[in-house]
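Working notes, structure below.
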Amino acid sequence: MPSVSRTSIFVRRAFWVIGGVIVSVVLVMGMTLASLTEETNRTATQDQMSRLESAVANELTRAKAELAIIASGDAGRGGIRADERNSITFTADQLRSAWHHFGFVSAHLLDTRGQHVTGVEFGQPASAAGFRHLHALVSHLLSATVESVARQSPASELASPGYEQSLGHAGLIHNGFELAVATVVPVNPASGRMPGFLVALRSLDSATLADIGKRYGLGQITFRSGATGLPAFAVPVADADGDPIGFLTWDQARPGSAMLPNLLLILMASVLAVLAALGLLVLRLRGLGAAMALDEERAERLASHDHLSGLFNRRSFHERLEAEYGRAERTHAGFALHLIDLDRFKDINDSLGHHAGDVVIREIGTRIASTVRSVDVVARLGGDEFAILQINTDSVHEAGALAHRIREVLAAPIIIDTVEISMGCSIGIALGPILDVDSKGLMSSADTALYEAKNGGRNRHRFFERGADKTTSLRTLVENELADAIRNDQLELHYQPQVSPDGLRIFGLEALVRWRHPVMGLIPPLQFMPIAEQRGLIVPLSKWVLRRACEDGMRWAGLKIAINISAAQFKQPNFARDLLATVSESQFPLTRLELELTEGMIVEDEEKAQGAIAELRGHGVSFALDDFGTGYSSLIYLRRFSFDKIKIDRSFLEAIETTGEAAILLHSIVHLGRALGLTVCAEGVETTEQHRFLQAIGCHELQGYRFSRPVHASEIDALLNRSEPFDLAA
Ligand code: C2E
Ligand code: CA
Ligand code: CA
């Protein structure tokens, strides 16, 4: 049986697939999250960078605007003015105001060539040295502003309000100590002369930077000095010559990174949830899978095994045979195929009921299975047919030995409800593989051999021999043509004499039916009677036999004619009446008619059997118990049915040659039969020894090949018409 079922494989696969999907989903989500974080961070940084840039630009513009307002202020109200004498007037308020606004202010007057003429300063630069340094930077801005003014014309434009601002310049400078916004605006640019200039510095100390940062939502803005290593996101600060001296940067907020832990947490939580759900699912599936695997195994077992015996069934036996066939062809190892058919199993079913039949089948199955080796394959093919695949067997000897053992094992009595049954069996054996024959062919070869075994008188085994094949097709033939054969008078009755123990007198004739087939020749009854039963042809067939026997019997005055009655026929509701009607057609005297019944037939429905027997006996019909010794064998029990004769089965004669016990048994049967007032007839007498023995123990009648085979009616005529007395045993 498959230990790993398809279901559990499926569950396992499903597990891996779902697991794989989850892992990839997690990977993709992780990667997406990483790039999302990166992207968020990048845009945030760019946004902050541009905010810093505009903060700086705004700071510069604001400084210029404030300084321009101070510069353009009305002189009367204390503005700064360059008068005709190139002097600059500052009011105290003005300077205070500028100082207040910028922290450091200086006013300058240049000559026509742009040379510095005079200037004042107000406020405190960081230091004297700082200022000197600063001066260089301021002059840079100054000259830019001078150029701007010079380029402007006409002068009227310069007089328009706000021009101070537009002509001014502002920039970030560093004096070596601190950062500042430096602003230069022209004073009175419309005067037509070289103007004065107002210069202001506003320090950008860390408090101011912090303030700006807050206003622009940037956190702390810091200045980092250094000529190299300008980061990607920073506003550079240069000295007067444009050389970098540092940069402005800020506490970069990274919102992507900030949200990452939260997102990761959510991701982890959902993965855990999915994993938990998956775990539960897998557990459920496992349970389900196990249950389904069990069901599957059960179904598989049901499909491949026979439910009654627990052995393989026909289908799986064929599969195994096929496999073995292939293997044997490759390895050149042989095997034997045994087909086993129980003899007269039908009688048990008919007489003791199906329950008893089932018990027998089960018991037989167990016995066969425990007789073979573990590698061999045992199957119940259906009904009372079993099969063995004997693996690794080349020799006829080994196969024969197994068949012999099987027959011995099956022959041991089976007890059902205190009734003791002994089962015979017929075995057909084919050795495989056979060249040019497939497993099916081998099967039919074994079938042919089985037919041979049954035909040979049952309770034996036969090997398939080439040439015997023609019987294989018989079954099909019988099934198809039997009905026509009965109708078309293709059947024949042969008669076998029942003689006195000395072989000198004929008491009666047993009628035995045959089928003369136009192509197949003479077909023996065992090959078509069972099929006739299965096909419901037993009634027309028996009628034919009875009619013909009575017609033939008319010519043999004084001889009893024995007719075999089949179980199916006996079971017919109007058996007795129909029989009497048929016999009456021919005027055959009923007192010469002997009916042969088997034990099974009467045991099945005792009452009915007793009734039918009594009715026919009333008309003078006598009864013989056929095949005695193969069934229940209780003569005392059978006495009630008032038989006239017992016919001891042929198998007893076969057995006396091998065992002394059988001889003793046979002796006591004859003895008992005689004591009960029954005529004792022995069947199947073939040899002189058997003849002598039966004669010695007191049999009344003998029947068998030793005296005559079943022969055509005309031969019986010839036999009876001989002038001198004959000795059939001679
Ligand atoms: P059965 O009633 O036991 O018939 C005796 C069988 O033993 C016959 O086989 C006969 O040919 C065979 N026989 C007789 N003497 C010897 C012998 O010395 N050695 C051996 N080896 N065999 C011997 P057959 O004719 O093949 O018939 C087989 C069975 O078919 C019969 O067994 C009987 O059960 C059944 N049968 C035959 N004719 C009829 C019939 O007309 N109606 C019914 N219902 N059954 C029949
Ligand atoms: Ca018979
Ligand atoms: Ca018989």
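The figures that follow rest on heavy atoms only: side chains count, while hydrogens, waters and symmetry mates do not. When a ligand or atom number is given, it counts from 1 through the structure's own listing order.
Each of Leu537, Val539, Leu491 was checked for a side chain to side chain contact (heavy atoms under 4.5 Å, CB included) with Trp544, and the lone residue meeting it is Leu491. Under the salt bridge (Lys or Arg N to Asp or Glu O under 4.0 Å) rule, Glu585 has a single partner from Arg547, Lys543, Arg548, which is Arg547.
Residue Met529 has at least one heavy-atom neighbour below 4.0 Å for each of these atoms of ligand 1: 42 (N), 43 (C), 44 (N), 45 (N). Close contacts between ligand 1 and Asp626 involve ligand atoms 2 (O) [criterion: under 4.0 Å to a heavy atom]. Annotation for ligand 1: atoms under 4.0 Å from non-hydrogen atoms of Val685 are 18 (O).
Residue Glu510 counts as close to the Ca ion (ligand 2), with an N, O or S atom under 3.0 Å. None of the N, O or S atoms belonging to Asp627 lies under 3.0 Å away from the Ca ion (ligand 2).
At a heavy-atom distance under 4.0 Å, only side-chain atoms of Glu510, from C-beta outward, approach ligand 1. Counting heavy atoms under 4.0 Å from ligand 1, residue His494 does not touch it at all. Of the heavy atoms in Val545, only side-chain atoms (C-beta onward) come closer than 4.0 Å to ligand 1. Of all the heavy atoms of Gln496, the ones lying under 4.0 Å from any atom of ligand 1 belong exclusively to the side chain.
Glu596 contributes atom OE1 as its closest N/O/S atom to the Ca ion (ligand 2).
In terms of N/O distances under 3.5 Å, ligand 1 is approached by Tyr705. Polar contact check, Arg650 against ligand 1: a nitrogen or oxygen pair lies under 3.5 Å apart. For the pair Pro710 and ligand 1, the shortest N or O to N or O distance does not fall below 3.5 Å.
Side chain of Asn488 to backbone of Asp484: a donor-acceptor contact under 3.5 angstrom is found. Although no hydrogens or angles enter the test, the distance criterion places no donor-acceptor pair under 3.5 Å between the side chain of Arg344 and the main chain of Asp627. A side-chain donor-acceptor contact under 3.5 Å links Gln690 to the backbone of Glu686.
Using a 4.0 Å cutoff on heavy atoms, Gln569 does not count as a contact of ligand 1.
With hydrogens and angles left out, the side-chain atoms of Gln498 and Lys560 include no donor and acceptor closer than 3.5 Å. Between the side chains of Gln496 and Glu510, no donor-acceptor pair is found at a separation under 3.5 Å.
Annotation: cation-pi pair Arg314/Phe317 absent, no NZ/CZ under 6.0 Å from the ring centroid and within 45° of its normal.
Rounding to the nearest 0.5 Å places CG of Asn313 at 10.0 Å from NE2 of His307.
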